[in-house]
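Following: one structure in structure tokens, then a few remarks.
Letters go in sequence order (proteins before strands), and every chain restarts at 1.
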2 protein chains.
Amino acid sequence: MRIGELAELAGTSARALRYYEAQGLLRARRTSNGYRDYGEDDLRVVREIRSLLALGFGLEETRPFVECLRDGHEAGDTCPDSIAVYRRKLGELDACLERMRTVRDHVARQLEGALRERAAAGPAVPVLESGEPRCFFSVGNGVRGEGV
Amino acid sequence: MRIGELAELAGTSARALRYYEAQGLLRARRTSNGYRDYGEDDLRVVREIRSLLALGFGLEETRPFVECLRDGHEAGDTCPDSIAVYRRKLGELDACLERMRTVRDHVARQLEGALRERAAAGPAVPVLESGEPRCFFSVGNGVRGEGV
DNA sequence: CTAGACCCTGACACCGACGTCAACGCCAAC
DNA sequence: GTTGGCGTTGACGTCGGTGTCAGGGTCTAG
């Protein structure tokens, strides 16, 4: 299949696929006219990458999973290197969670204190609205996670 | 005082202070030779900014606090707009925490499953080390939090 | 007079995962 | 033939909060 089709099947863009290739995560055969040509296993690789990215992994961190798949394993996370990445990520997530809980509580206390400080002053703060309260997070680098 | 002194007192850099000024958060009088000249209230403003940034607030989100201080209030978080920012941030933090817990559990289950899949294959994955497991997080934009 | 420690403005570098545009080639349908 | 939808490479833009350098000026101590 060609790049557009693969992109659609994997729920991403052709640009992203070329990027993965530039990073050495994807390799493409070429047809006589120079077009990239992909197979089913490439689709599996891209799906693996996408699901890991969605969890907040960095692209570089998906490499062991990709290589694991390419080595013929039916799942990308059964190889030692992949498992090590899982472990590291888990530790980072726990550290981040703890940190965020600390910050959350700190902000909550600040808010509480600020509210106590003044009896009534403004025209009733409008609670909370803010279009989309999306949560971007990144652990260790600048990678952003979105949907599970 | 001049910019270098203010930077040191506030625990930041002159570059950062010039940036805050460019964003309209800081205003500086100038001495006859063109040097920026700051007072005690500027120090309080910068400290407010720094502590909010450290909590993961975006620079733009510190604006209400700065204006609140500039309006003569003894604390930057007693004005309605500041409180609204606190509220919004709290909501974002809660959403982010929930999201991260979901991801954490997902990764944990993946790891567990991957471990069950294969009896023994690698030379015992080395548990977890990774120099500094620092937790960067950003809520709503690209701002990074560090120390409380 | 000169070295050195400040200050100034302006501008590029950074990080990651792409989006987007330019300028072009390939191919099928009309 | 030509329109239009695909593909190609290359390169710059994005987002924030600075670091860092370049190329100047200012002031003070020796």
Between A:Val45 and A:Leu25 the two heavy atoms that sit nearest each other are CG1-O, 4.1 Å
Ranking D:dC6, C:dG16, C:dT9 by distance to the side chain of A:Arg2, first place goes to D:dC6
**Message:** Side-chain N or O of B:Ser13 versus OP1/OP2 of D:dG19: is the shortest distance under 4.0 Å?
**Reply:** yes
If only atom types and distance count, is the side chain of A:Ser82 paired as donor or acceptor with the main-chain N or O of A:Thr78 below 3.5 Å?
no
Here the distance between atom C1' of C:dA17 and atom CD1 of A:Ile49, to the nearest Å, is 12 Å
Of D:dT18, C:dT9, C:dC18, the nucleotide closest to the side chain of A:Arg50 is C:dC18
- Message: With a 3.5 Å cut-off and heavy atoms only, can you find an N or O donor on one side and an acceptor on the other between the side chain of B:Tyr35 and the base of D:dG25?
- Response: yes
Of the candidates D:dG16, C:dC12, C:dA17, the side chain of A:Leu53 sits closest to C:dA17
Whole-Å distance, A:Glu8 CD to D:dG5 C1', equals 14 Å
It should be established whether B:Arg30 places a side-chain nitrogen or oxygen under 4.0 Å from OP1 or OP2 of nucleotide C:dT9. yes
Here the distance between atom P of C:dG16 and atom OH of A:Tyr19, to the nearest Å, is 8 Å
inquiry  = Could you tell me if the side chain of B:Ile49 sits less than 4.5 Å from the side chain of B:Phe57, heavy atoms only?
reply    = no
In whole angstroms, the gap separating P of D:dG19 from OH of B:Tyr20 amounts to 9 Å
Taken to the nearest whole Å, CZ/A:Phe57 to P/C:dC18 is 15 Å
Quiz prompt | Any N/O donor-acceptor pair, A:Arg18 side-chain to D:dT8 base, under 3.5 Å | solution = no
If you count every heavy atom of other residues, nucleotides or ligands that lies below 6.0 Å from B:Glu8 atom CD, does the total exceed 12? no
> With a 3.5 Å cut-off and just heavy-atom distances, do the side chain of B:Arg15 and the base of D:dG19 make a donor-acceptor pair?
Replying inline: yes
